2 protein chains.
Amino acid sequence: MTCITQSSEEKIKEAAKSVFLKKGYAGTTARDIAEAASMNIALTNYYFRSKEKLFFEIFRDLFSYYCKNTLKIFEKPISIREKLIELIEEDFQMMKKEPSLVLFLMTEIHRDPERLLPELSRFKELLHVTLSNQIEEEIINGRMRNISVEHLMPLIMGSLQFVFVGKNMNMKMYNASEEEFNAFAENHKNLIISMITEYLFISETVS
Amino acid sequence: MTCITQSSEEKIKEAAKSVFLKKGYAGTTARDIAEAASMNIALTNYYFRSKEKLFFEIFRDLFSYYCKNTLKIFEKPISIREKLIELIEEDFQMMKKEPSLVLFLMTEIHRDPERLLPELSRFKELLHVTLSNQIEEEIINGRMRNISVEHLMPLIMGSLQFVFVGKNMNMKMYNASEEEFNAFAENHKNLIISMITEYLFISETVS
DNA sequence: GCATATTTTAAACAAATGTTTAAAATGTTT
DNA sequence: AAACATTTTAAACATTTGTTTAAAATATGC
């Protein structure tokens with residue numbers, strides 16, 4: 001990334017990542033990747049054996065990247081309220097950097113959910129360990145509305161990520177520039193923080 | 001659909017719709033479509049001239065289908081609150097019937113937003129005519145929180161549709177059957193109605 | 001029932017696809 | 001510098017792709 005000289009293998013992987021993110025697996029050709037990396041076509045298979053192997057490697061990377069920050073936040077010794085706000089902020093920054101990521105992951109998982117079952121169940125478990133108990137405690141003590149993690153996560157992720165999933169559509173629809181869209185997305189993020197916290201947490205503590 | 005004898009043209013279109021919804025444009029081959037329709041490969045081009053033409057026709061149909069019900073609700077002479085609830089209910093039913101629709105539309109629009117610009121701007125205008133003024137009035141009269149249509153729509157659509165966009169992922173993750181997923185989605189829908197209305201509308205009228 | 005149009009078929013087409021090959025270029029070791 | 005391993009190249013490979021063709025099958029009008 002910041003290296004002055006990048007190995008051919010890395011160059012191909014970077015290029016492939018960017019093309020796969022934009023066009024998806026089926027929409028990407030080996031020649032697309034080679035061209036994006038300014039390399040010979042044969043090198044893709046020389047380093048990664050096949051288009052599919054290369055894709056899997058990139059998919060795993062992106063999926064880990066997507067989950068890592070979330071889990072790191074959930075493991076922190078802070079309140080649920082703080083966790084959720086940090087999660088939204090973190091997720092927002094990530095999508096600002098890589099707006100195609102969520103749609104890419106969703107599409108590829110949708111097309112063939114089998115091929116990453118192991119990754120998914122691991123994520124699910126960590127999610128429960130680091131969040132479920134804490135939420136239950138909060139609910140019992142009457143500080144939080146009764147809700148399960150299974151509903152909470154898609155609620156937050158959905159409202160936040162949807163704006164980026166439809167980024168190109170929104171930009172087209174409102175004739176918006178990159179900056180205008182980012183400003184819009186930032187407002188939307190703040191709206192979601194406000195709505196989620198106000199809805200979830202029983203008042204008395206109004207930040 | 002309910003016809004006993006379906007014309008070849010219709011059979012191909014039906015089959016193509018189902019395959020495109022599942023695999024997307026790039027992931028679908030002409031032979032996939034022919035096989036799904038149990039017809040000769042040449043017939044696709046005989047009736048629709050090309051794969052792309054067939055795709056456009058189906059895309060327009062699906063996009064109209066997606067917008068039509070929404071606009072119909074917005075044109076009704078009812079309150080904002082009622083409109084939003086009806087919208088969510090309607091949207092929920094639609095996605096129950098066609099769970100792949102939203103992800104399909106999002107993906108294809110994302111890959112090439114140019115090709116349906118006219119459709120989009122028309123939708124945007126109708127959205128504003130039938131909703132913006134009514135919302136502004138509601139806000140001025142202090143019955144509703146200050147929010148713009150541009151934020152309101154993705155807020156509602158996002159939280160609701162995200163569950164279906166990740167349907168296959170969720171089913172895999174929680175080892176859920178079709179019925180279990182639908183029950184989960186229904187709960188989620190009710191949660192969203194509760195959250196949205198409680199957040200948006202200034203109390204005194206607690207349904 | 002014959003002539004005409006329409007629909008369907010099997011086969012082929014050129015172009016694009018993922019992949020491999022074998023030689024050339026470059027790097028490394030001694 | 002010689003011998004070796006590694007990397008890169010141009011070219012070709014076999015499949016798959018979307019599309020077309022020309023003949024066969026079926027339907028339609030008179």
Side-chain angles (χ1 to χ4, degrees), chain A residues 1 3-62 104 107-108 110-112 114-116, chain B residues 1 3-62 104 107-108 110-112 114-116:
Chain A
M1 263 199 174
C3 302
I4 293 153
T5 44
Q6 203 178 16
S7 77
S8 297
E9 191 175 338
E10 281 166 344
K11 256 169 86 179
I12 291 170
K13 207 169 165 181
E14 282 289 320
K17 196 168 86 177
S18 123
V19 183
F20 277 138
L21 273 170
K22 200 160 148 194
K23 302 187 175 187
Y25 177 74
T28 299
T29 73
R31 281 162 185 84
D32 285 341
I33 296 170
E35 199 187 1
S38 315
M39 308 229 86
N40 191 282
I41 315 172
L43 287 180
T44 305
N45 285 21
Y46 177 73
Y47 285 111
F48 298 96
R49 297 191 53 197
S50 74
K51 179 193 167 188
E52 204 176 30
K53 291 245 169 56
L54 173 56
F55 174 79
F56 276 129
E57 208 168 312
I58 288 171
F59 186 93
R60 290 184 116 251
D61 286 355
L62 288 174
F104 168 81
T107 306
E108 297 301 335
H110 178 82
R111 302 274 154 87
D112 189 358
E114 302 297 334
R115 61 182 173 190
L116 31 82
Chain B
M1 263 198 173
C3 303
I4 292 153
T5 44
Q6 205 178 17
S7 78
S8 295
E9 193 175 335
E10 281 166 345
K11 256 168 87 179
I12 291 169
K13 207 169 165 182
E14 281 290 319
K17 196 168 85 176
S18 124
V19 182
F20 277 139
L21 274 169
K22 199 160 149 194
K23 303 188 174 185
Y25 178 74
T28 300
T29 73
R31 281 161 184 85
D32 285 340
I33 297 171
E35 199 187 359
S38 315
M39 310 227 86
N40 191 282
I41 314 171
L43 287 179
T44 305
N45 285 21
Y46 176 72
Y47 285 111
F48 298 96
R49 296 190 53 196
S50 75
K51 178 193 169 188
E52 204 176 31
K53 291 246 169 58
L54 172 57
F55 175 79
F56 275 129
E57 210 168 309
I58 287 169
F59 185 93
R60 289 184 116 250
D61 286 356
L62 288 174
F104 167 81
T107 307
E108 298 302 335
H110 178 82
R111 302 273 154 88
D112 188 0
E114 302 296 334
R115 63 182 172 188
L116 31 82

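Convention: sequence-line order gives letters A, B, ...; per-chain numbering from 1. Because the structure is a prediction, the values reported are computed rather than measured. Values below: all heavy atoms of this structure, side chains included; hydrogens, waters and symmetry mates excluded.
- Taking 4.0 Å as the cutoff to heavy atoms of chain B, we find the contact window on DNA chain D bounded by D:dT17 to D:dT21.
- D:dT19 and C:dA12 make up a base pair, with Watson-Crick or G-U wobble contacts both under 3.5 Å.
- Under the side-chain hydrogen bond (donor to acceptor under 3.5 Å, both in side chains) criterion, the residue pairs touching residues 50-59 of chain B are B:Lys13-B:Glu57, with sequence neighbours excluded.
- Taken residue by residue, residues 21-31 of chain B places heavy atoms nearer than 4.0 Å to DNA chain C at B:Arg31.
- For residues 38-49 of chain A, no residue pair satisfies the side-chain hydrogen bond (donor to acceptor under 3.5 Å, both in side chains) rule, not counting sequence neighbours.
- Checked against the 6.0 Å centroid criterion, the rings of A:Phe20 and A:Phe55 qualify as a close aromatic pair.
- Nearest heavy-atom pair across A:Lys11 and A:Ala37 is CE-O, 3.6 Å.
- Here the CD1 atom belonging to A:Ile58 is positioned 9.0 Å from the CD atom belonging to A:Glu14, to the nearest 0.5 angstrom.
- Nearest approach of B:Met39 to B:Ser8, heavy atoms of both residues: CE-OG, 3.7 Å.
- If you take CZ on A:Phe48 and CZ on A:Phe56, they are separated by 14.5 Å, rounding to the nearest 0.5 Å.
- DNA chain C lies under 4.0 Å from at least one heavy atom of each of the following residues of residues 37-45 of chain B: B:Asn40, B:Ala42, B:Leu43.
- If you take CD of A:Glu52 and P of C:dT17, they are 17 Å apart, rounded to a whole angstrom.
- Nucleotide C:dT30 forms a Watson-Crick or G-U wobble pair with D:dA1, both donor-acceptor distances falling under 3.5 Å.
- Closest of all the heavy-atom pairs between B:Glu108 and B:Phe59 is CB-CE1, 3.8 Å.
- Contacts classified as salt bridge (Lys or Arg N to Asp or Glu O under 4.0 Å) and involving residues 21-37 of chain B (residues at least two apart or in different chains) are given here: B:Lys23-B:Asp32.
- Nucleic acid contact class of A:Tyr47 (heavy atoms, under 4.0 Å, all strands): sugar-phosphate only.
- When all heavy atoms of B:Ile33 and B:Ala16 are compared, the pair lying nearest together is CG2-CB, 3.8 Å.
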